[in-house]
Amino acid sequence: MQAKIQDHTMTTTIRDTHTTLEQFLSDWTRQAFLDIFGPLPAATKLGVTATATPEHGDYQCNQAMTLAKALQTRPRDIATRFVETAKTPPLIERLDVAGPGFINYHLDRRVMARTLGVRTIDGTVPLPDVGRDRTVILDYSGPNVAKPMHVGHIRSTVIGNALHRMYKALGYRVVADNHLGDWGTQFGILIMGYRHFLNPDALREQPIAELERLYVLSHAESRKNPDWLDQARAELVKLQAGDPNNTELWRNFVDLSRREFDRIYQRLNVTFDVVRGESYYRNRTADIVDQLIARGIARESEGAIVAFLDAEKLPPCIVRKRDGGMNYAASDLAAVADRVDEFHPERIVYVTDERQQLHFKQIAAICRRLELPVTLEHVWFGLMRLPGRTFSTREGNVIPLETLLDEAETRAMTMISSTDMAASEKRETARIIGIGAVKYADLSQNPRSLVTFTMDKALSLEGNSGPYLQYAHARIRSLLRKYHDQFPQTDYLQATPAANEASEKDLILRLSRFPETVVHAIDAYKPSALAEYLYELAGAYNALYQTVPFLKAPDGIRESRIRLCACVSDTLRKGLDLLGIEAPERM
RNA sequence: GCCCCCGUAGCUCAGUUGGAUAGAGCAUCGGAUUUCUAAUCCGAAUGUCGCAGGUUCAAGUCCUGCCGGGGGCGCCA
């Protein structure tokens, strides 16, 4: 996609959507440095970063300091020479030197406003296709079959889905795979429970709750009775060997669970490209283990097959159990090999909780030894806790995910009860607000932090929250409708976004930074970086809203301000969409 | 015992390849609505960035040690 620019002064600025403001400035800076100072040490990073405060301009380059030794010149002199010699494009209004040698970039708001106007003329917000010809496999959510989804599962699902959406928006070919836990030892336990404790009526009415009950009972039995555990292991081995009875049971468990999962995914607006689960790779595990042995990566130890990873300073990794059963390491390795064969991804990204860090380090090490042409990335997040203690299925203090979602929608409904919407629109809006609040509460923090879960915080509807962003969006949409009603003869889309008042200039800069924000967020695997950006954008808009009139502004100014507002609402909606959150037209 | 992660305001947390005076929300206090949705905005107050060294022109950020919390470490996933 390439936006056409008529103004010839723009030809040396951002002409298309293949770059970001930051990248454009960094590229220009690098070239200008080379032109002025000649060849520089290869490792030199010559780029710009956004400034912390507006007094220092919009972007800054700090390399005069780092280059001082190589050039044997004082930093301040380097910066001064750069500023006085470099031939700046129209986008850069001026450069100046500050402090020990910071180079501050002040950008021309009118040029930026025109670029914004051109790029978003049709209401879309283009992003650079940095992912062109790149394939990524995203492995997220992955709930265990026969266990209900509780609030602890929401993190992988919501964070993974946001990454999924961002990758797609940046032009990556992305394969999102829901790697269900459908082939583990739990089935041995579950089959034993099914055989001994089943309540058929309960299974018909509340299948997952009944499977959960059977699992808990059988698990408790296995803890005090070693024979029980051995029998459970034997049932698992039978299943893995293709025993028809156990296979039938297993298939039933999986079907029941998937129906329940699908209902929740639909509610969360989460989709996958493939749903394979561990069982999909079950016929490939033996082959992987053989390869590991043949290549000297793994060997027999105490009856099991174990990969020793001393060179990587990692503990040994068991890939095949003493009883011949394959464990999750074998399964994950088989999955990597299969995905490499089928999709040729440059990387596979796993989104799981922090407890699996060691596991994925081991898997990555083994894949390197197997010389599989793929990079594994583990995006881990902190566990969800209740105030005072951790979640535990056995302690029975889990909050079912659906209970949380119901509660969120109920609270949102209370909030909009006094509006004049029709009942159906109220229900739909409450759904959007409630689900959005739950998702945003999770996405707005650094994934790595340990989350202490409280209902009030998850459902908070003010401050840095999903509803805050949705509300800002809805108000702008309302404003645009009013404009059409009051001024049906004119079209704000013909106007260039306003860039005169300080708060307008501030918004122009923020809007221009949207693409690079998305790129940074995906590179760091942090949807929270995008969430923070959106929060600040909404805050900047709210500040503008307080200071200048829109509909009551003079002709011309009115159009350019409304145009600016439209850019904000488009960006908010796009940003929320990348987080998997809907934006209602009114609230 | 070994490995990984975290430690920032009363609470919950941001803090881009190391950059200029460490920031939000909640809570507290004080303001703003003849106006386009007050779910908003403006202001005040709040800090030994766990502790101690080190590297650097520059450290909340990197290195080492220690303290505190969480997680993991051959037959669970």
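By convention in this document, chain letters (A, B, ...) are assigned in the order of the sequence lines, proteins followed by strands, and residues within each chain are numbered from 1.
- Taking atom CG on A:Asp353 and atom P on B:G71, their separation rounds to 11 Å, with Å as the unit.
- OP1 and OP2 of B:U16 both lie 4.0 Å or more from every side-chain N or O belonging to A:Thr49.
- Where pairing requires Watson-Crick or G-U contacts shorter than 3.5 Å, the helical stems of RNA chain B with at least three consecutive pairs are B:1-7 with B:67-73, B:10-13 with B:23-26, B:28-32 with B:40-44, B:50-54 with B:62-66.
- For the P atom pair drawn from B:C26 and B:C63, the interatomic distance equals 35 Å after rounding to whole Å.
- With B:C41, B:G72, B:A39 as the candidates, the nucleotide lying closest to the side chain of A:Tyr468 is B:C41.
- Side chain to side chain, A:Thr51 and A:Tyr105 fail the donor-acceptor criterion of an N or O pair below 3.5 Å.
- Dashed line: the shortest gap from a side-chain N or O of A:Tyr545 to OP1 or OP2 of B:A38 is under 4.0 Å.
- Out of B:C76, B:U37, B:G19, the shortest distance to the side chain of A:Thr66 is found at B:G19.
- Comparing B:C36, B:G15, B:C75 by their closest approach to the side chain of A:Ile318 singles out B:C75.
- Among the protein residues, A:Asp485 comes within range of no part of the nucleic acid, since none of its heavy atoms lies under 4.0 Å from any strand.
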Take A:His378 and A:Tyr525 through the ring pair (Phe, Tyr, Trp, His ring centres under 6.0 Å) test and state the conclusion after the steps.
CA-CA 10 Å; A:His378 183 210; A:Tyr525 303 108; over 10 Å; no

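- Base engagement by A:Val548 is indicated by at least one non-hydrogen atom pair under 4.0 Å involving a base atom.
- Taking atom P on both nucleotides, B:G18 is separated from B:U56 by 16 Å, rounded to a whole Å.
- In the model, A:Arg475 has a side-chain atom that pairs as donor or acceptor with a side-chain atom of A:Tyr545 under 3.5 Å.
- Residue A:Leu551 is classed as a base contact, given a heavy-atom separation below 4.0 Å to a base.
- Rounded to a whole Å, the CD atom of A:Gln362 is 15 Å from the P atom of B:C3.
- Here A:Leu314 lies out of heavy-atom contact (under 4.0 Å) with every strand.
- Here A:Asn62 contributes atom CG and A:Asn104 contributes atom CG; the two are 8.5 Å apart, rounded to the nearest 0.5 Å.
- Candidate nucleotides B:U37, B:A39, B:C36 were compared by shortest atom distance to the side chain of A:Met415, and B:A39 ranks first.
- Regarding A:Asn62, its CG atom lies at a distance of 12 Å from the C1' atom of B:C57, rounded to whole Å.
- Listed pair A:Lys526 / B:A14 fails the phosphate criterion, with no side-chain N or O lying under 4.0 Å from OP1 or OP2.
- Summarising the geometry, the separation between OH on A:Tyr541 and C1' on B:A38 is reported as 14 Å, rounded to the nearest angstrom.
- Residue A:Tyr471 places its side chain closer to B:A38 than to any other of B:G25, B:C75, B:A38.
- Smallest separation of non-hydrogen atoms from A:Leu469 and A:Leu572: O-CD1, 4.3 Å.
- A donor N or O paired with an acceptor N or O is not found under 3.5 Å between the base of B:A38 and the side-chain atoms of A:Asn542.
- A:Ser141 and A:Asn178 get closest at one heavy-atom pair: CB-OD1, 3.7 Å.
- Using a 4.0 Å heavy-atom criterion, one finds that A:Gln470 contacts no nucleic acid atom at all.
- For A:Lys69 and B:U56, the shortest distance from a side-chain N or O to OP1 or OP2 is not below 4.0 Å.
- Only the C1' atoms considered, B:G25 is 15 Å distant from B:U40, to the nearest whole Å.
- The aromatic ring of A:Phe102 does not sit over the base of B:G19; the criterion of centres under 5.5 Å apart with planes under 30° is not met.
- Side-chain N/O atoms of A:Arg233 include one lying less than 4.0 angstrom from OP1 or OP2 on B:C76.
- Defined by atom type and a distance below 3.5 Å, a donor-acceptor pair is missing between the side-chain atoms of A:Asn542 and A:Tyr471.
- Using a 4.0 Å heavy-atom cutoff across all strands shown, A:Ala98 reaches at least one base atom of the nucleic acid.
- For A:Arg322, counting side-chain heavy atoms from C-beta on, the closest listed nucleotide (B:G71, B:C75, B:A24) is B:C75.
- Using a 4.0 Å heavy-atom cutoff across all strands shown, A:Glu302 reaches at least one base atom of the nucleic acid.
- Residues A:Tyr59 and A:Glu22 each lie close to RNA chain B; by heavy-atom proximity, the contact nearer the 5' end of the strand is made by A:Glu22.
- The distance between atom CE of A:Met65 and atom P of B:A58, rounded to the nearest whole Å, is 12 Å.
- Across all strands, A:Gly184 comes closer than 4.0 Å only to sugar-phosphate atoms, never to a base (heavy-atom distances).
- Note: CD (A:Glu536) to P (B:G25) measures 10 Å, nearest angstrom.
- The CG-C1' distance, from A:Asp442 to B:U12, rounds to 14 Å in whole Å.
- Note on A:Arg586: a base of the nucleic acid sits closer than 4.0 angstrom, heavy atoms only.
- Heavy atoms of other residues, nucleotides or ligands lying less than 6.0 angstrom from CZ of A:Arg299 number 12 at most.
- For A:Leu358, counting side-chain heavy atoms from C-beta on, the closest listed nucleotide (B:G74, B:G72, B:C42) is B:G72.
- Proximity of A:Gln445 to the phosphate of B:C13: a side-chain N or O atom is located under 4.0 Å from OP1 or OP2.
- The structure places OG1 of A:Thr352 at 11.0 Å from NE2 of A:His179, a figure rounded to the nearest 0.5 Å.
- The side chain of A:Gln546 approaches B:C41 more closely than any other nucleotide in the set B:G71, B:C75, B:C41.
- Across B:U61 and B:G50, the matching C1' atoms stand 16 Å from one another, rounded to whole Å.
- Ranking B:U37, B:C4, B:C5 by closeness to the A:Lys361 side chain, first place goes to B:C4.
- Between A:Arg74 and the phosphate of B:C57, there is no side-chain N or O to OP1/OP2 separation shorter than 4.0 Å.
- Counting any heavy atom pair closer than 4.0 Å across all strands shown, A:Pro315 reaches sugar-phosphate atoms only and no base atom.
- Pairing each heavy atom of A:Val97 with each of A:Arg76, the nearest pair is CG1-CZ, 3.8 Å.
- Its glycosidic angle being more than 90° from 0, B:G50 falls on the anti side.
- Between the side chain of A:Gln60 and the base of B:A20, a donor-acceptor pair under 3.5 Å is found.
- For A:Met587, taking side-chain heavy atoms from C-beta onward, the closest of the listed nucleotides B:C36, B:U16, B:A39 is B:A39.
- Using modelled atom types and a 3.5 Å distance limit, the side chains of A:Asn464 and A:Tyr440 yield a donor-acceptor pair.
- Position along RNA chain B of the nearest nucleotide to A:Ala329 versus A:Lys552 favours A:Lys552 as the more 5'-ward residue.
- Nucleotide B:G74 holds its C1' atom 9 Å from the CG atom of A:Asn327, rounded to whole Å.
- A:Lys313 comes within 4.0 angstrom of nothing in the nucleic acid, heavy atoms only.
- No contact: A:Asp323 has no heavy atom under 4.0 Å from any strand.
- A cation-pi contact, defined as under 6.0 Å to the ring centre and within 45° of the axis, links A:Arg513 to A:Tyr59.
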